[in-house]
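Below is one structure; the comments refer to it alone.
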Amino acid sequence: MEKTFQPADIETRWYQEWEDKGYFAPQGGEEAYSIMIPPPNVTGSLHMGHGFQEAIMDALIRYHRMLGYNTLWQVGTDHAGIATQMVVERQLEAEGVSRHDLGREAFVEKVWEWKEQSGGTITRQLRRLGSSLDWSRERFTMDPGLSEAVQEVFIRLYREGLIYRGQRLVNWDPVLHTAISDLEVISEEEQGHLWHFNYPLAGGEGHLTVATTRPETMLGDTAVAVHPEDERYAHLIGRMVELPLTGREIPVIADDYVDREFGTGCVKITPAHDFNDYEMGKRHGLPMINILDDDAGLNNDAPEAYRGMDRFDARKKIVADMEALGLLDKVEDHTLKVPRGDRSGVVIEPYLTDQWYVDARELAKPAIAAVENGDIQFVPKQWENTYFAWMRDIQDWCISRQLWWGHRIPAWYDDAGHIYVGPSEAAVREEHQLADEMTLRQDEDVLDTWFSSALWTFSTLGWPEETEELKIFHPSSVLVTGFDIIFFWVARMIMMTLHLRKEVPFHTVYVHGLVRDGEGQKMSKSKGNVIDPIDLIDGIDLEGLVAKRTAGMMQPKLAAKIDKATRRQFPEGIAPFGTDALRFTYFSLASTGRDIKFDIGRIEGFRNFCNKIWNAARYVLMNCENEDCGIAQDAEVELSLADRWINSKLQETSATVARAVGNYRFDLASQALYEFIWNEYCDWYLELSKPVLWDDHASAAAKRGTRRTLIQVLESWLRLLHPLMPFITEEIWQTVAPMAGKSGPTIMLQPYPMADEKGVDSAANADIEWLKGVIVGVRNIRGEMNIPPGKALTVLFANGDERDKSRLEQNAPFLKKLAKLEDIQWLPAGGEAPVAATALVGELEILVPMAGLIDKEAELARLERETEKLAKDLARIQGKLNNAAFVDKAPATVVEKERDKMQAQQQALEKLQEQAQRIRQM
RNA sequence: AGGACUAUAGCUCAGUUGGUUAGAGCGCUACCUUGACAUGGUAGAGGUCCCCAGUUCGAAUCUGGGUAGUCCUACCA
């Protein structure tokens with residue numbers, strides 16, 4: 001074995017082997033366990049958040065696979081309608097071609113080409129992360145099977161009246177030329193203005209003043225509203241005002257939606273361009289005047305002077321024109337929430353169009369019930385509240401998108417505008433007995449990508465056919481996802497699956513936090529703080545990283561800033577840490593919090609942990625290879641205290657890990673493993689094995705016992721660790737397993753170690769604690785007294801009881817080796833102790849004679865520190881016990897514990913004080 | 001506006017049903033290349049558990065209020 005762990009070559013080698021041998025496919029078993037991957041965008045690439053999510057899913061999958069479940073991790077990607085279409089359009093744009101130049105068919109062909117070309121990125125990354133996905137079952141939302149499912153669902157829901165077409169105000173993206181759903185609109189505060197316009201009363205004598213943040217919409221005003229109880233305006237209700245610039249007259253209406261306190265208390269009403277005004281317009285039967293076109297330019301229903309203008313140019317001109325007319329009362333600075341498209345970033349227009357909707361209210365009812373009655377559980381539970389809050393006030397879901405890339409809506413129209421929904425034109429004609437000469441045209445629109453994602457858990461398993469896979473693997477066991485898509489995806493999956501399959505899509509939703517950078521900032525391309533998980537695995541030099549982060553930046557200023565920040569943050573670039581270290585870092589961060597700050601220091605620490613594991617294995621192999629490890633049934637073995645203890649700790653650790661994984665607390669699982677492997681197995685057990693293995697006088701049975709324990713415990717914790725660190729464990733296990741009497745082609749398919757409660761040996765635990773106490777006591781004196789580590793010491797034990805005596809008798813070689821002692825002697829009862837530095841283990845005093853060794857002042861200072869600490873603690877305990885209320889009311893066991901503690905502390909304190917006294921007299 | 005979450009060592013975070021000497025990793029200090037590992041070992045320093053009040057024999061933990069921060073939902077023209 002190499003002296004240091006080199007992850008790169010073993011990782012790709014093992015992944016290849018696992019995949020080639022088909023270990024990722026379901027292996028059978030009585031109980032099924034399945035996870036459906038949240039499908040990433042097929043043309044995108046994985047970021048840190050994905051990496052985190054995949055690591056967690058893979059750990060769950062590997063864990064259950066080893067536990068013997070029939071385990072499926074379903075892999076696949078989605079077509080990401082808007083995002084993908086945008087990318088391809090941009091590429092075409094660079095060639096000076098628009099999609100309209102190409103035409104629909106040719107354009108879609110281009111998108112497929114792009115998908116083929118870029119689609120490998122995601123799957124490569126997934127493999128690099130070690131994800132044990134069943135690649136033989138890979139799916140894509142636009143596959144024929146899944147497309148058929150989408151169509152089937154659309155038709156069914158339409159026939160059930162749960163999908164309908166209607167003219168409504170939608171969120172219109174004037175750049176992408178499509179409607180988008182509420183969830184795809186991001187409203188953020190921006191600085192703007194509030195313009196106050198005077199609208200003259202029809203028939204002279206005065207005016208009303210309205211305030212608006214969007215002056216251009218005034219051209220579509222069809223009323224001015226005031227509050228019905230607003231005395232200032234009561235006399236005007238029912239009168240008309242002149243709408244400037246348009247030559248129209250509009251009524252003053254009363255509606256209690258109006259806030260009397262805001263602005264002037266008069267509101268201009270534009271039903272075709274504002275969601276609230278739309279509702280009001282419907283209440284009052286107002287006309288709806290749409291003044292915009294698909295580009296958000298002014299259309300022919302606007303006054304001639306403004307036709308064809310862009311909305312923001314029109315705004316300027318309208319303000320100027322109003323001012324020229326003396327109708328601009330004032331302009332105030334105003335902070336307002338501006339709605340922008342999450343993909344395009346442009347200001348979204350409420351726009352009146354025909355769209356398809358899902359009646360979400362109906363579907364939500366059983367979906368709410370399923371969470372209420374526990375059929376689906378969120379982990380952590382608090383997310384159920386978020387889910388309920390949204391579901392109980394759910395709005396109908398706009399599912400049509402004016403795009404070319406996606407599932408085309410299976411609806412046809414005749415010239416009279418009748419709608420026919422069905423699987424194909426022919427089917428529709430047949431069903432409705434339409435004459436051949438009647439022309440039908442298919443709806444141009446496609447469905448929201450989330451519509452197909454909502455069917456993911458069952459469409460991937462072959463639905464609408466009742467396949468064997470559906471029977472076995474659906475409902476899936478757990479959904480692993482970020483809280484940011486609870487509404488987008490989780491809720492919609494629950495609704496759709498319950499409706500179509502009358503069963504839940506999954507039993508548990510594990511909601512994890514979002515990965516942020518070291519400063520807590522969200523990672524985003526525009527901030528230039530993204531890290532590709534693969535760069536943490538393979539490493540990347542500074543120039544490469546800078547180039548990656550600034551690539552495709554439109555603004556040179558921003559690129560310069562990112563360049564500088566990157567150079568400051570990663571002056572050396574990023575070192576290669578390997579997949580196992582990255583994964584372990586993810587697990588250590590997987591607590592219940594909402595933010596996961598990714599600190600590069602953590603991964604470095606876990607890279608070191610990998611190295612530690614590697615070297616521990618090297619040590620074990622060096623000592624066990626070509627030796628009798630006592631594996632044979634009839635081998636005579638003798639187990640040392642340390643052997644029994646490490647076995648005991650292994651059982652405790654297995655139990656802790658099982659509990660942690662059961663609660664989705666991978667941070668606790670990883671911590672327990674780290675602690676056990678490093679602080680117990682490596683720091684103590686390996687050290688304790690040396691006095692046996694390197695002792696020429698030790699019996700063959702004792703050596704066999706220690707070798708067997710070394711190798712078997714190592715083999716066990718490799719399996720225990722495998723779901724978290726698949727590669728290093730496999731690599732080492734291959735060599736170690738046969739020596740431990742295990743066989744099998746891969747650690748992946750070995751049984752997961754189960755905790756054996758009978759294996760917990762509390763006597764051994766206590767004895768080792770004693771041993772550690774003595775060793776640490778001596779080391780402490782050594783360290784603080786500046787005694788060279790190489791100098792062997794003779795120590796005296798005093799005041800111990802029978803147990804101390806027998807413990808010493810049995811463990812003297814261990815003490816001598818680990819504390820570097822030349823000799824240990826008991827101070828005879830009543831014997832005069834030499835002046836010495838002292839450590840206490842319970843009642844037992846450990847004396848390191850000071851003659852020629854020890855600095856008097858240093859020892860006094862050390863004792864001073866110790867006694868101070870003890871005295872302080874003692875005072876606290878005494879205070880407690882002197883409190884009658886405590887002694888009366890606290891449980892007897894607690895009081896007893898405090899009493900014992902007080903006694904021990906008191907004795908210790910006295911001894912240290914005596915000791916100090918003697919040293920002072922030197 | 002409504003709601004949720006967070007506040008513990010210099011940094012990133014654990015801390016189960018109230019009873020610990022409040023922990024870990026990284027960083028820091030001193031010493032050490034001893035035959036698995038310097039990506040290491042040994043020892044150590046470092047905390048007003050955000051503030052105030054309450055419940056309790058006892059609060060990092062429970063309750064109320066406050067402060068600071070983050071986020072979600074809705075939205076006033």
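Reckoned from all heavy atoms, side chains included, excluding hydrogens, waters and symmetry mates. Just so it is clear: chains get the letters A, B, ... in the order the sequence lines come, proteins before strands, and each one is counted from 1.
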At 4.0 Å (heavy atoms only), tell me whether [X] reaches a base, stays on the sugar-phosphate, or touches nothing.
X	answer
A:H334	sugar-phosphate
A:F275	nothing
A:T386	nothing
A:R782	nothing

Ring pair (Phe, Tyr, Trp, His ring centres under 6.0 Å) filter on A:F727, not counting sequence neighbours, yields A:W18
By ring pair (Phe, Tyr, Trp, His ring centres under 6.0 Å), A:Y233 pairs with (sequence neighbours left out) none
Taking [M] as the reference, what is the distance to [N] when you measure between their [atom1] atoms (whole Å, please)?
N	M	atom1	answer
B:rC57	B:rC11	C1'	38 Å
B:rG54	B:rU12	P	33 Å
B:rU56	B:rC49	P	23 Å
B:rC51	B:rU67	P	15 Å
B:rG23	B:rG46	P	13 Å
B:rG15	B:rU6	C1'	16 Å
B:rU33	B:rA24	P	27 Å
B:rA7	B:rU17	P	15 Å

Taking for A:V894 and for A:A211 the nucleotide of RNA chain B with the nearest heavy atom, the one nearer the 5' end belongs to A:V894
Check the orientation of [X] and [Y]. Use parallel for under 30°, tilted for 30 to 60°, and perpendicular for over 60°.
X	Y	answer
A:F52	A:Y586	perpendicular
A:Y664	A:F666	perpendicular
A:W383	A:F483	parallel

Take atom [atom1] of [X] and atom [atom2] of [N], then tell me their distance rounded to the nearest Å.
X	N	atom1	atom2	value
A:E190	B:rC75	CD	C1'	15 Å
A:Q905	B:rU21	CD	P	8 Å
A:E898	B:rU21	CD	C1'	11 Å
A:D873	B:rU20	CG	P	10 Å
A:L514	B:rC71	CG	C1'	10 Å

Check your understanding: Are the side chains of A:I711 and A:V620 in touch, meaning some heavy atoms are under 4.5 Å apart?
Key -> yes
Exercise for review: Check whether the side chains of A:D221 and A:T270 place a donor and an acceptor atom closer than 3.5 Å, and report yes or no.
Suggested key: yes
* Asked: Can you find a side-chain donor-acceptor pair between A:Q6 and A:T4 that sits under 3.5 Å?
  -> yes
Here the helical stems involving RNA chain B, each at least 3 consecutive Watson-Crick or G-U pairs closer than 3.5 Å, sorted by first residue number, are B:1-7 with B:67-73, B:10-13 with B:23-26, B:28-32 with B:40-44, B:50-54 with B:62-66
Readout for nucleotides 30-42 of chain B: B = base within 4.0 Å of protein heavy atom, S = sugar-phosphate only, - = neither; 5' to 3' it is -----BBBSBSSS
Reading nucleotides 55-61 of chain B from 5' to 3' and marking B where a protein heavy atom lies under 4.0 Å of the base, S where only the sugar-phosphate is that close, and - otherwise, the string is --B----
Tell me every residue that passes side chain to side chain donor-acceptor pair (under 3.5 Å) with [X], counting only those two or more places apart in sequence or in another chain.
X	value
A:S187	none
A:R311	A:E349
A:T585	none
A:R260	none

* Please determine if a side-chain N or O atom of A:H196 lies less than 4.0 Å away from the OP1 or OP2 oxygen of B:rA77. => no
Handout entry: B:rU70 phosphate, OP1 or OP2, under 4.0 Å from A:R594 side-chain N/O
Key = no
Checking A:I781, A:L912, A:T867 against A:R862 for side chain to side chain contact (heavy atoms under 4.5 Å, CB included), the one that qualifies is A:I781
Sorted by chain and number, sequence neighbours left out, side-chain contact (heavy atoms from CB on, under 4.5 Å) with A:A211 holds for A:L194, A:H196
Please list, for nucleotides 11-16 of chain B, all pairs of protein and nucleotide N/O atoms separated by less than 3.5 Å.
| from | atom 1 | to | atom 2 | distance (Å) |
| --- | --- | --- | --- | --- |
| B:rU12 | OP1 | A:K597 | NZ | 3.2 |
| B:rU12 | O2 | A:R602 | NH1 | 3.4 |
| B:rA14 | OP1 | A:S591 | OG | 2.3 |
| B:rA14 | O3' | A:R665 | NH2 | 3.2 |
| B:rG15 | OP1 | A:R665 | NH1 | 3.0 |
| B:rG15 | OP1 | A:R665 | NH2 | 3.2 |

Report, one line per pair, each donor and acceptor closer than 3.5 Å where one atom sits in a side chain of residues 882-894 of chain A; sequence neighbours left out.
| from | atom 1 | to | atom 2 | distance (Å) |
| --- | --- | --- | --- | --- |
| A:N882 | ND2 | A:Q878 | O | 3.3 |
| A:N883 | OD1 | A:A885 | N | 3.0 |

